[in-house]
Amino acid sequence: MASTVSLGKETLLEDGMPPAKKPRKLLPSLKTKKPQELVLVIGTGISAAVAPQVPALKSWKGLIQALLDAAIDFDLLEDEESKRFQKCLHEDKNLVHVAHDLIQKLSPRTSNVRSTFFKDCLYEVFDDLESKMEDSGKQLLQSVLDLMENGALVLTTNFDNLLELYAAHQGKHLESLDLTDEKKVLEWAQEKRRLSVLHIHGVYTNPSGIVLHPAGYQNVLRNTEVMREIQKLYENKSFLFLGCGWTVDDTTFQALFLEAVKHKSDLEHFMLVRRGDADEFKKLRENMLDKGIKVISYGDEYADLPEYFERLTSEIAMRGRTGVPKEGQQLNGSAAAHAERKGCST
C-alpha cells in the first residue's frame with residue numbers, strides 16, 4: 001500500500017499524486033428501481049457533454065446564436081436585422097420570443113417548412129454531429145441505451161438526435177418522435193414504442209415539428225386521451241432528470257406533466273446534478289422537493305457523471321434482468337402514495 005504525505009489540507013501519495021477520489025454512493029431509493037419504472041429526461045447538459053465543441057448544444061442562447069450565425073453566413077438577413085437579433089441576445093431578452101422571431105424571419109409567407117431557409121440553417125447548425133462525439137459522452141449515451149433496452153422510456157428537451165445517431169452506430173434503430181404525431185406519442189406513453197425518443201420541442205430532422213411554446217401543441221394539449229396518458233407517466237413512474245438543471249421550469253414540460261398532476265410532493269422522481277456551489281445546490285434541492293424530485297449529486301465535476309451514471313445503470317439494469325419483484329415496490333413511490341390516500345378516503 002502506498003504511503004501518504006500530508007501537506008496542510010491536501011494529502012498526496014509518495015509519488016506526488018493525490019489519492020484516488022472516492023466515488024459517490026448510489027442512493028438506495030434510485031438504484032433499486034427497475035428500468036421499466038423509469039422515464040429518463042435528457043437535457044442540454046447531456047448533449048453538451050457528448051459534443052462539447054458544438055455551441056448550439058450547450059444552451060438555448062447558444063442554439064439561437066448558431067442559427068443567427070448560419071442565417072448571416074447564408075446572407076439571409078439585412079444588416080439592421082442581424083444587429084437587432086444580436087442586441088436581443090446580448091441583452092438576454094426573452095429567448096423564446098427571439099427564437100420565434102428569427103424562425104419567422106427565415107420562413108416568410110409560407111407554412112411549408114421545406115420551402116423555408118429555417119430548415120437549411122438547422123441542418124447547418126447540427127451538421128456532422130457524429131464526428132463531434134467524445135468518448136466520455138458516448139459512455140453516457142451507452143448507459144441511456146442500456147436502460148432503454150431494458151424497458152426505460154426516454155424523452156428529451158433537445159433538438160439534436162445524438163442518442164439516435166449513437167444507437168445506429170451500435171446497429172440499433174431508435175425512432176425520433178415529436179408532439180405533432182399524436183398517435184405515436186400516445187403509443188409511446190402507453191409503452192408500445194419503448195425504442196423511441198420523444199423530443200418535446202421537436203427534432204431538427206423534422207423542422208415542421210419544432211415548436212418553442214406550448215401554444216404550438218394545441219392539438220396534443222386538447223387531446224385528453226394523449227394528455228392523460230402522458231400525465232399518468234409522471235404519477236406512476238419515476239422520472240430521472242439528466243443534464244436538466246431547471247427543465248421543470250420549461251413551459252412545455254409544465255404543460256405536459258405538471259399542471260394537471262396533483263400531490264406532486266408525494267411523488268418520487270430524481271435529478272442528477274453536479275454539486276457545484278453549496279448555496280445553489282441547497283436552493284435547487286429545496287425547490288425540487290415540492291415537485292416530488294430528489295436532487296442527487298453525482299460529484300463535484302462534470303467529468304464525474306459518466307462513471308457515476310454507468311455504475312447506476314449497471315445496478316438498475318441488473319435488477320431489470322433478474323425480474324424479481326422487490327419487497328414493497330410492486331407500486332412505485334407515487335402510485336403507493338395515491339393508493340394509500342384512496343384507502344384512507346374509503
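- Side-chain contact check for Gln142 and Glu310: no donor-acceptor pair (N or O, by modelled atom type) lies under 3.5 Å.
- Leu163 and Val203 fall into different hydrophobic clusters, where Ile, Leu, Val, Met, Phe, Trp and Tyr residues are linked whenever their side-chain heavy atoms come under 4.5 Å apart, directly or through other members.
- Side-chain contact of Asp146 with Ser143: a donor-acceptor pair under 3.5 Å is absent, judged by distance alone.
- Counted within 6.0 Å of NZ on Lys172, heavy atoms from surrounding residues, nucleotides or ligands total more than 12; the atom is thus considered enclosed.
- For Phe239 and Tyr234, the ring centers are positioned less than 6.0 Å apart.
- Summarising the geometry of Val185 relative to Asp178, their closest heavy-atom pair is CG2-O, 3.5 Å, with the distance given to 0.1 Å.
- Between Arg275 and Glu301, no side-chain nitrogen of the basic residue sits less than 4.0 Å from a carboxylate oxygen of the acidic one, so the salt-bridge criterion is not met.
- Checked by atom type, the side-chain pair Ser208/Asn206 shows a donor-acceptor distance below 3.5 Å.
- Side-chain contact, Gln139 with Asp135: no donor N or O sits under 3.5 Å from an acceptor N or O.
- Taking the centre of each ring, Tyr123 and Phe118 stay at or above the 6.0 Å mark.
- The heavy-atom pair separating Leu147 from Ala317 by the smallest distance is CD2-N, 4.5 Å.
- Shortest non-hydrogen contact noted between Lys105 and Leu77 is CG-CD2, 3.6 Å.
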| message | Using side-chain hydrogen bond (donor to acceptor under 3.5 Å, both in side chains), reason through Asp128 and Ser131 one step at a time and then give a plain yes or no. | response | CA-CA 6 Å; Asp128 196 24; Ser131 69; 2.6 Å; yes

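- Contact detail for Asn223 and Glu182: the closest heavy-atom pair is ND2-OE1, 2.7 Å.
- For an aromatic pair to be called close, the ring centres must be under 6.0 Å apart, and Tyr204 with Phe159 fails this.
- A salt bridge is absent between Glu315 and Arg311; no separation between the charged side-chain nitrogens and carboxylate oxygens falls under 4.0 Å.
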| task | Go through His199 and Glu164 one step at a time and tell me if the side-chain hydrogen bond (donor to acceptor under 3.5 Å, both in side chains) criterion holds. | result | CA-CA 11 Å; His199 294 255; Glu164 293 93 320; 2.7 Å; yes

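- Note on Glu187 versus Arg193: salt bridge recorded, some NZ/NE/NH1/NH2 to OD/OE distance being below 4.0 Å.
- Linking ILVMFWY side-chain heavy atoms closer than 4.5 Å, directly or via other members, places Leu242 and Leu27 in a single hydrophobic cluster.
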Would you list the atom pairs, donor with acceptor, under 3.5 Å between side chains in residues 42-57 and any protein atom, with sequence neighbours excluded?
| unit_1 | atom_1 | unit_2 | atom_2 | d |
| --- | --- | --- | --- | --- |
| Ser47 | OG | Asn158 | ND2 | 2.9 |
| Ser47 | OG | Asp160 | OD1 | 3.4 |
| Ser47 | OG | Asp160 | OD2 | 2.7 |

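- Between Gln190 and Lys192, the side chains place a donor N or O and an acceptor N or O closer than 3.5 Å (distance only, hydrogens not considered).
- For Glu80 and Arg84, the salt-bridge test fails: no basic side-chain N is under 4.0 Å from an acidic carboxylate O.
- The local environment of CZ in Phe281 is crowded, with over 12 non-hydrogen atoms from other residues, nucleotides or ligands closer than 6.0 Å.
- Glu191 and Arg194 are joined by a salt bridge, as a carboxylate oxygen and a charged side-chain nitrogen come within less than 4.0 angstrom of each other.
- With respect to Glu124 and Lys119, no salt bridge is recorded, no charged nitrogen being found less than 4.0 Å from a carboxylate O.
- Sparse packing is recorded around CG of Asp75, with 12 or fewer heavy atoms of other residues, nucleotides or ligands lying under 6.0 Å away.
- Grouping the Ile, Leu, Val, Met, Phe, Trp and Tyr side chains by contacts below 4.5 angstrom, directly or via other members, places Phe117 with Phe74.
- The side chain to side chain contact (heavy atoms under 4.5 Å, CB included) search around Lys87 returns Glu91, not counting sequence neighbours.
- Under a cutoff of 6.0 Å and an axis angle of 45°, Arg24 and Tyr298 do not form a cation-pi pair.
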